[in-house]
2 protein chains.
Amino acid sequence: MKPKTAAAQVGRPRGFDVDEALDRALRLFWRQGYEGTSLSDLTEELGINRPSLYAAFGNKESLFRKALDKYVERHLVLYHQAFALPTARAAVEHLLLGLADAQTLPRGPRGCITVQGALVSGADAVPIQKELAARRAAGEKALRDRLEQGQREGDVPAHVDCADLARYFTTVTQGMSVQAATGASREELRRVARTALFAWPA
Amino acid sequence: MKPKTAAAQVGRPRGFDVDEALDRALRLFWRQGYEGTSLSDLTEELGINRPSLYAAFGNKESLFRKALDKYVERHLVLYHQAFALPTARAAVEHLLLGLADAQTLPRGPRGCITVQGALVSGADAVPIQKELAARRAAGEKALRDRLEQGQREGDVPAHVDCADLARYFTTVTQGMSVQAATGASREELRRVARTALFAWPA
DNA sequence: CTACATCTATACCAATCGGTATACATCCTC
DNA sequence: GAGGATGTATACCGATTGGTATAGATGTAG
């Protein structure tokens, strides 16, 4: 077995780091949304020209999806950390505070790209719009599963509707994304998260 | 003083209802966002052609602002209703449930246009983006004022930070707007609102 | 009916959109 | 070094963007 990528050893080597370029694309889409980011924006920000971009990532939509994958993959760590905590309540607390931090990174765009990316759009971006909606729904579903686990384990009251509770906390995190875009600070977002936790069922 | 518009009685009369056209524009911007709505979308939806649109409303940005004004004006009714209730708690409950309804109108776009319109954007739409952020902030400020009134009147505990509480409930309503875009039903949004109210300070 | 003011319709504008053909540069294999 | 594979750079593509000039249609005022 060859050391790294066995193929692609023939021909002129790529003049840029694909992973770093994808990171830059992610941040641009995150900050300006899918429709608000043009190919010219991208090539300028990535420091490469159009044909290189298309050869490496396919078209704009495909590039966005790759960047989104990277974003989601990073957030999975937080979700796994949170859901591994002993109680559902602790999981939600960890998740909300962690998201407050993630949405106010010092040198990162504000909010969550699944909200900012394309909440609504013209006809062209409908596939992206739906993709993001599906990702948001997946996050809500994962939280619901963890709440139901807590219910089975007895740390969530039996009378609670876990779908409703998951939707509530998901709504708060999504609202935090809007607040981040409006300019709310990390500490303000964390206070929102803590206030939201007061609604935890008795 | 002349009865109504003294001018504009000379020349060919306008062939469309300005107010109805503005309504249609509002719904389109609401559904597709500012950047996602093109002039061709608008002229097709309004049933008028470009020069008529420009003569009546100015450019795209100006049209959006006029539509936004109309939207906000309508929502003021709900805010006034809510804030006139005897307690701050009742005001918030009325507001949240009212917004749940407003964001799931049977034949209307989902969510709130101040969130869907342009949460993020490319460089062109930055003025609109800021305008919408300012409107959201204004709504939060109005709620904060009502909470502080409640505090003075004794129905909100003295230890409560009204700015924090207003930010929390505003965050919930904004999250509801994202949920509406994701496909949440009116009843689901109302349950979110009621769950959020459990965080009301003791 | 004439004169004039306003609105409407078509056709157009430069700029930008996402995407690509073509030519050239740069690397590895032999 | 020669051959071939790959990446990069420029320049371009048709379509669409927001916005407008121009000419014709339709009304009121006199």
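Naming: A, B, ... by sequence-line order, numbering from 1 per chain.
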Within less than 4.0 Å of OP1 or OP2 of C:dT8, is there a side-chain N or O belonging to B:S52?
-> yes

Atom CG of B:L42 to atom P of D:dG19: distance rounded to whole Å?
-> 11 Å

For DNA chain D, which residues in residues 16-36 of chain A have a heavy atom at a distance below 4.0 Å?
-> A:F16

Below 4.0 angstrom, N of the basic side chain to O of the carboxylate: do B:D101 and B:R190 qualify?
-> yes

Identify each atom pair where a protein N or O and an N or O of nucleotides 13-17 of chain D are less than 3.5 Å apart, giving names and distance.
unit_1, atom_1, unit_2, atom_2, d
D:dT17, OP1, B:S38, OG, 3.4

Should the heavy atoms of other residues, nucleotides or ligands under 6.0 Å from CZ of A:F198 be counted, would the total exceed 12?
-> no

Does A:G122 offer a backbone N or O that forms a donor-acceptor pair with the side chain of A:E35 under 3.5 Å?
-> yes

Closest heavy-atom pair and its distance - B:S177, B:V115 = OG-CB, 3.6 Å

State whether B:N49 places a side-chain N or O below 4.0 Å from either non-bridging phosphate oxygen (OP1 or OP2) of C:dA9.
-> yes

Please determine if B:K60 forms a cation-pi arrangement with B:Y54, meaning its NZ or CZ atom is less than 6.0 Å from the six-membered ring centre and no more than 45° off the ring axis.
-> no

Inspect the contact between A:E148 and A:R152 and indicate whether a charged nitrogen and a carboxylate oxygen are less than 4.0 angstrom apart.
-> no

Residues B:D41, B:R31: salt bridge by 4.0 Å N-O rule | no

Classify every nucleotide of nucleotides 21-30 of chain D by which part a protein heavy atom approaches to under 4.0 Å, writing B for the base, S for the sugar-phosphate alone and - for neither, in 5'-to-3' order.
-> B---BBBSS-

So, is A:N59 near the phosphate of C:dG19, with a side-chain N or O under 4.0 Å from OP1 or OP2?
-> yes

More than 12 heavy atoms from other groups under 6.0 Å of CD on A:E187 = yes

Whole-Å distance, A:F57 CZ to C:dT20 P, equals 16 Å

A:D69 with A:K66: basic N within carboxylate O range, under 4.0 Å = no

Quick one: CD on B:E45 to OG on B:S40, what's the gap to the nearest 0.5 Å?
-> 13.0 Å

Rounded to whole angstrom units, what separation is found between the CZ atom of B:R14 and the P atom of C:dT6?
-> 11 Å

Exceeds 12 heavy-atom contacts within 6.0 angstrom, atom NZ of A:K141 | no

Atom OH of A:Y54 to atom P of C:dC17: distance rounded to whole Å?
-> 12 Å

